[in-house]
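Below you'll find the structure, written out as structure tokens, and then a few comments.
All values reported here derive from a predicted model rather than from experimental measurement. Residue numbers begin at 1 in each chain, while the letters A, B, ... track the order of the sequences.
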2 protein chains.
Amino acid sequence: MHKPAKVTIEDVAAAAGVSRQTVSRVINNGPNVKPAVRQRVEAMVEQLGYVPNLSARRMGGARSYLILSINDRARTFENWTSGRGNDWVDQMLYGGMSECERHNYHMVLELIDTDAGTTIPQIARAVGSLRPDGVILTPPHCDNLELVAWLERQGIPCARVGHYEGGNFVDVYMDDEGAMREVTRHLLDLGHRSIGFLAGPLNYGPSQKRRKAFREALAKAGIPPEDGPIGAGNFYFDMAVNVLETMLAAPSPPTAIIADNDKMAFAALHVAADRGLKVPDDLSVISFEDTPGVRFSVPPLTAIRQPTAAMVGKACAQLIALSKGEEGMGAFELPYEFVVRATTKAPRG
Amino acid sequence: MHKPAKVTIEDVAAAAGVSRQTVSRVINNGPNVKPAVRQRVEAMVEQLGYVPNLSARRMGGARSYLILSINDRARTFENWTSGRGNDWVDQMLYGGMSECERHNYHMVLELIDTDAGTTIPQIARAVGSLRPDGVILTPPHCDNLELVAWLERQGIPCARVGHYEGGNFVDVYMDDEGAMREVTRHLLDLGHRSIGFLAGPLNYGPSQKRRKAFREALAKAGIPPEDGPIGAGNFYFDMAVNVLETMLAAPSPPTAIIADNDKMAFAALHVAADRGLKVPDDLSVISFEDTPGVRFSVPPLTAIRQPTAAMVGKACAQLIALSKGEEGMGAFELPYEFVVRATTKAPRG
DNA sequence: ACATATTTTGTGAACGCTCTCAATTGACTT
DNA sequence: AAGTCAATTGAGAGCGTTCACAAAATATGT
């Protein structure tokens, strides 16, 4: 099992009869290379199957061609059983990898604990050894002020997904308020007058916006906030089940439920089944996430589809641009989609 | 935004009053370092916050501290809507990242097209630039003989997940035949005599094993194969719906369905709902995958839980061992779990 | 105490690239 | 035709490690 000799830039240079540096210019699309020479070099690159060694590139130059994605351990598969995990990761990955691939960048994933004490050392280690050109922060890490400040101090371009605040960052998000307005109107138009909202964590930016928009939309329709019960305060299935039990046991229970994420929407489906309520006839349900599996639920959930993959893709694209010395910082709002499936209907009577 | 000076091995050496090489020995846990010196160096590493630069390590030494995970584009989020995607990726990632983290390795993900023509060039590019210490192949790439041969020729240690064949590889899998025997017996014991199997692709190793074990288990129970209809032949929702329609329209339709993956099990739930069949009273359903979301289905699916994360974790561990010059090649069978939830019951009558 | 084996430490080279800057070539003026 | 300036090419240094040694320090045996 002898390893085939790896072809280096020198090999290509020799084969093409030019210097190392000229080959470097060609593979980096640099200016000031005669078309004929460029072509000759490219032919040799192709023929010898030359691929630049990333480590050497990093050593010599300033770029690492690496984007680091920081993911929260609590939101992974590990915590599915406790109801905390989700499959956001899947989509984020997809969005990031696709974009990186396009530019011959690579995405390295890091699993980071939510615990504030260990977050920064963990990231410091990853950043220190990898020296990525950019870091992508996903919830809840993008809201970790201490971490964000640390990264800014390191001078590493940083993108936050699902975050709104300014600063010298790439911020990518969707119009949560608009989405909530649309969803609420949908239910209002159907004739619902008592709508429950299974809200996400109070300290989670997008959830705050949705909560606010929900209240406003109800007020605008002349429904006092008391009639729009807001419950939960996290993203977990079990908690949502409890909250729902209470909501539905009230004197005039909601005829529709908006869940801040899929798992809580599933909880609504479960509780409805337990109580003999038919969805959507007796209870309408809308989710605010739409992870891929949702379309296979019984019945298929109506939901706001978050542009998760697109957001991470955009974040990558901006970071890559930045690493090339182009402009990139700023805030970017990506469009969501309202997917009406089979869990909303006019209320009975 | 001035980047903080990065501390190098020389800085640590100077601070500890030793040479570069001694520091290198300490951080690599090398032998022949006086305990007092080791301690002094370690203190300095800590104090200066030194982290070895991965690229430099790769340049100097033989290891890259990188494990490359090859993932099939068709099985990602991108293809959920067509019913091909799954959230395997989530679990694989988790398993791999956790293991890498343990050893201060990093996992780089690559999204590869299934199309045979482009697979190898794509992987060649990634392998060439990253020079990973090992490559993890997941289905369907682990069954791509041409690719496997190419990787073997490159001399890069390679792990296959969900693969059985020998060769100079790390192979990690579960006991698919045993799992199928257990599942079938469960249904048989419940009193089912007509069981349908929504099989996976014919060219997918684990599916072949399950198919074989299913036939044998039925035969052993004195049920001729005709009574255990086998359908589908891929992993998609829509196809499974069609096959089920046919199965259930037969003169003596199955009272239980075994699905080769979750999506096809969901299809069974859907078709049952459409036909007014109650699960599990009128139809029992078992899945052969158990991705995390399954526990939230209505009703929660009984399923074989594949040790997906553990398999990838094991694959990583072996590759890392190998990169350290330890033994690592071989075949490893990991235990599955049979999770009985709410979709199996004795047949009516 | 001396030679010899062993452990511990240090030195120079190498890895493959990009950077900076100098040298060459070619085109355009006058 | 010489002079000027821009476009194109090349040479040398350096990035931060580990490797293969050589050197120094210590331990062991007689």
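- A:N28 and A:R57 share a side-chain donor-acceptor pair at under 3.5 Å.
- Distance B:I9 CD1 to C:dG10 P: 12 Å, rounded to the nearest Å.
- Side-chain contact annotation: A:Q122 with A:D113, donor-acceptor N/O pair under 3.5 Å present.
- A donor and an acceptor atom, one from each side chain of B:S323 and B:Y105, are located under 3.5 Å apart.
- Neither OP1 nor OP2 of D:dT9 sits under 4.0 Å from any side-chain N or O of A:T22.
- At the heavy-atom level, B:R25 lies under 4.0 Å from base atoms of the strands shown.
- The phosphate of C:dG10 (OP1 or OP2) has a side-chain N or O of B:S19 nearer than 4.0 angstrom.
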All N/O pairs under 3.5 Å across the protein-nucleotides 5-8 of chain D interface:
| unit_1 | atom_1 | unit_2 | atom_2 | d |
| --- | --- | --- | --- | --- |
| D:dT8 | OP2 | A:N32 | OD1 | 3.2 |

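- In this structure, the CZ atom of B:R40 is 14 Å from the P atom of C:dT8, given to the nearest Å.
- Side chains of A:L93 and B:L93 form a contact here, defined as non-hydrogen atoms less than 4.5 Å apart.
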Inset, instruction - Run the numbers on B:K6 and B:N53 for side-chain contact (heavy atoms from CB on, under 4.5 Å), then give the verdict. - result: CA-CA 9 Å; B:K6 321 122 203 182; B:N53 181 319; over 6 Å; no
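- The residue among B:G61 and B:G17 whose nearest nucleotide of DNA chain C lies closer to the 5′ end is B:G17.
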Inset, instruction - Verify side-chain contact (heavy atoms from CB on, under 4.5 Å) between B:H141 and B:I112, making sure each step is shown before the conclusion. - result: CA-CA 9 Å; B:H141 296 303; B:I112 301 290; 3.9 Å; yes
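- Side-chain contact of A:H106 with A:E101: a donor-acceptor pair under 3.5 Å is absent, judged by distance alone.
- You won't find any donor-acceptor pair under 3.5 Å spanning the side chain of A:R131 and the base of D:dG16, going by distance alone.
- A:K6 places its NZ atom 12 Å from the C1' atom of C:dA14, with the value rounded to the nearest Å.
- Spacing between atom CZ of B:R57 and atom P of C:dC17 amounts to 21 Å, rounded to whole angstrom units.
- Judged by distance alone with a 3.5 Å cut-off, no donor-acceptor contact links the side chain of B:R58 to the base of D:dT17.
- Of the side-chain N and O atoms in B:Y50, one or more sit less than 4.0 angstrom from OP1 or OP2 of D:dT17.
- For the pair B:R63 CZ and D:dT17 C1', the interatomic distance rounds to 13 Å; values are reported in whole Å.
- Closest to the B:A56 side chain, of the nucleotides D:dG16, C:dC17, C:dG10, is D:dG16.
- The shortest distance between the side-chain N/O atoms of A:N53 and the OP1/OP2 oxygens of C:dC15 is not below 4.0 Å.
- Counting any heavy atom pair closer than 4.0 Å across all strands shown, A:G60 reaches a base atom.
- Within the nucleic acid shown, B:R20 comes within 4.0 Å of at least one base atom, counting heavy atoms only.
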